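Heads up: the structure comes next, in structure tokens.
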Amino acid sequence: MLEGYAEFYSAELSEKVKRGMTENALKAKANGVRAPFGYYVDEQDHYQIEESTAPIVKEIYSLYLGGTRVNDIAKLLTSRGVKNRGYSMNYNAVFRILTNRKYIGEYKFGDVVIPNAIPALIDEEDFNAVQTKMKVNKKAPAMHRSEDDYLLTTRLFCGKCGAMMTGEIGTSHTDKKYRYYRCNQSKRHKCDKKTVKKDWIEELVINEILSLISSDEVLEELVDRVYEMQSQESNTVTVVQNQLEEVEKKLRNLAQAIAQGIFSSTTKRMLDELEEQKSNLESELFQAKVTNPILTKEQLLFAFSNLRKIDISTQEGKQRLIDTFVNSIYLYDDRFVITFNYKGQAKAVTFEQLNSSPLTSKGSPINI
């Protein structure tokens with residue numbers, strides 16, 4: 001009879017929960033569903049716009065409509081340190097943002113769908129344009145690394161409006177192909193920044209990097225900073241190590257209790273659980289040490305010195321230099337400002353200086 005009553009009570013409770021959640025859904029309440037990036041859940045359990053992250057959502061849509069690939073958007077956000085509830089902005093995170101109808105104000109929970117129930121972040125026209133573009137891109141052949149790769153993707157920005165500049169290929173009336181970078185906002189007629197030749201700007205950036213790492217003082221400073229960062233970033237190893245020590249301490253205490261004759265099904269279960277925890281933590285610690293090895297200053301200096309020997313006649317060599325050292329480049333009509341990947345290192349270079357400098361053989365930028 002008790003078993004029958006328990007089953008009845010469980011079924012009745014389940015029905016009440018479903019009914020309550022449906023009522024909440026009809027009021028467009030979160031119902032325990034985590035808010036997507038750009039929103040938060042208020043005290044009344046409704047979705048509200050999060051002012052600190054909402055602009056990033058709008059930027060993601062703008063970048064994608066401007067021609068930037070999902071992978072490149074993810075790389076850009078990761079380089080800025082943008083995280084979604086503590087997790088990195090990888091391809092899947094950006095893809096979910098670009099396909100989530102909550103951003104146009106649509107609430108959905110189970111079979112309940114309510115339009116305009118959430119404060120919208122994205123215009124429905126832009127959202128639909130993104131979905132159409134994604135369908136087209138899904139059918140397109142995969143992109144591979146080739147001579148036409150744009151080395152400064154996700155790092156080159158327009159000095160006029162701040163938007164990202166991405167690579168394009170054009171064809172002249174003589175069917176000659178040319179490659180250049182173009183401001184994403186100019187594609188939408190919101191900025192008048194002129195395009196700039198791909199080879200020209202990429203060569204300038206490579207030369208600035210080579211100039212930077214040719215200095216022994218700069219290399220020594222980089223070594224010191226990276227060495228300090230290693231200890232700061234090895235938190236994972238420290239945390240896992242502490243957890244492992246705590247589990248081992250509990251195991252020792254439990255072993256002493258068993259030695260004194262305290263043994264039961266409970267202590268047996270605790271022993272099995274602790275042994276399993278210890279095994280898992282040992283594996284996790286090993287993986288953390290392999291993933292984040294602590295290098296000596298001599299090893300770091302050797303690695304950085306080898307970067308001077310990279311073959312810049314190849315796309316791979318150039319890309320490696322750019323990925324290692326460049327944080328961002330802002331391109332203006334008369335200069336560009338390059339920020340390197342360590343604090344306090346930014347350099348402005350005017351095109352007037354370049355015309356009288358051996359840094360490049362290409363002279364002033366050629367606008368298309």
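Keep in mind it's a predicted model, so treat the numbers as computed, not measured. Numbering starts at 1 and runs along the sequence shown.
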Any heavy-atom pair between the side chains of [Y] and [X] that's under 4.5 Å?
X: L251; Y: K249; result: no
X: L121; Y: I104; result: no
X: V94; Y: N90; result: no
X: I329; Y: V337; result: no
X: K197; Y: Y178; result: no
X: C158; Y: Q185; result: no
X: R101; Y: Y107; result: no
X: I114; Y: V112; result: yes

From [atom1] ([X]) to [atom2] ([Y]), nearest 0.5 Å:
X: E220; Y: L301; atom1: CD; atom2: CG; answer: 7.0 Å
X: N327; Y: I322; atom1: CG; atom2: CD1; answer: 13.0 Å
X: E273; Y: L254; atom1: CD; atom2: CG; answer: 10.5 Å
X: I56; Y: L63; atom1: CD1; atom2: CG; answer: 11.5 Å
X: E316; Y: K318; atom1: CD; atom2: NZ; answer: 10.5 Å
X: E124; Y: Q131; atom1: CD; atom2: CD; answer: 10.5 Å

Looking at [X], I'd like to know if its [atom1] atom is crowded, meaning that more than 12 non-hydrogen atoms belonging to other residues, nucleotides or ligands lie closer than 6.0 Å.
X: K75; atom1: NZ; answer: no
X: E276; atom1: CD; answer: no
X: K160; atom1: NZ; answer: yes

Under a 3.5 Å distance rule, please check whether [X] uses its side chain to pair with a backbone N or O of [Y] as donor and acceptor.
X: N100; Y: K102; result: yes
X: S279; Y: E275; result: no
X: S186; Y: H189; result: no
X: D126; Y: I122; result: no
X: H46; Y: K27; result: yes
X: E202; Y: D199; result: no

Cationic N near anionic O, under 4.0 Å, [X] to [Y]:
X: D42; Y: K29; answer: no
X: K194; Y: D333; answer: no
X: R80; Y: E59; answer: yes
X: D224; Y: K297; answer: yes
X: D216; Y: R308; answer: yes
X: R69; Y: D72; answer: yes

*Going through the distances and angles, do S62 and R188 end up as a side chain to side chain contact (heavy atoms under 4.5 Å, CB included)?*
CA-CA 10 Å; S62 177; R188 306 176 75 180; 3.6 Å; yes
Is [X] linked to [Y] within one hydrophobic cluster, defined over Ile, Leu, Val, Met, Phe, Trp and Tyr using a side-chain heavy-atom separation of less than 4.5 Å?
X: M134; Y: Y61; value: yes
X: F37; Y: Y40; value: no
X: L76; Y: Y91; value: yes

Which heavy-atom pair separates [X] from [Y] by the least distance, and what is that distance?
X: L321; Y: L307; answer: CD2-O, 3.9 Å
X: Y180; Y: I169; answer: CE2-C, 4.3 Å
X: L152; Y: Y181; answer: N-OH, 3.0 Å
X: R155; Y: D323; answer: NH1-OD1, 3.3 Å
X: I97; Y: M89; answer: CD1-CE, 3.7 Å
X: A129; Y: L65; answer: CB-CD2, 3.8 Å

Under the criterion side chain to side chain donor-acceptor pair (under 3.5 Å), which of T68, N184, T154 is the partner of T166?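 Only one of T68, N184, T154 forms a side chain to side chain donor-acceptor pair (under 3.5 Å) with T166, namely N184.
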*asked:* Could you go through T53 and V57, starting from their C-alpha distance and side-chain angles, then the distance that decides it, and tell me whether this counts as side chain to side chain contact (heavy atoms under 4.5 Å, CB included)?
replied: CA-CA 7 Å; T53 55; V57 174; 5.8 Å; no
Report task. Give the C-alpha distance, both sets of side-chain angles, the deciding distance and a yes or no for side chain to side chain contact (heavy atoms under 4.5 Å, CB included) between K198 and W200. Result -> CA-CA 6 Å; K198 169 188 181 294; W200 182 85; over 6 Å; no
query: Does the pair S305 and L219 meet the rule for a side chain to side chain contact (heavy atoms under 4.5 Å, CB included), with working shown?
result: CA-CA 8 Å; S305 297; L219 281 196; 4.0 Å; yes
Notebook entry, point to check: Mind checking whether Y103 and Y39 have ring centres under 6.0 Å apart?
Noted result: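 Aromatic pair counts; centres sit under 6.0 Å.
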Worksheet entry | Ring center gap for Y330 and Y332 short of 6.0 angstrom |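 No, the ring centres sit 6.0 Å or more apart.
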request  = Look at the aromatic rings of F304 and F325 and report parallel, tilted or perpendicular, splitting at 30° and 60°.
outcome  =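 Tilted, since the angle between the ring planes falls between 30° and 60°.
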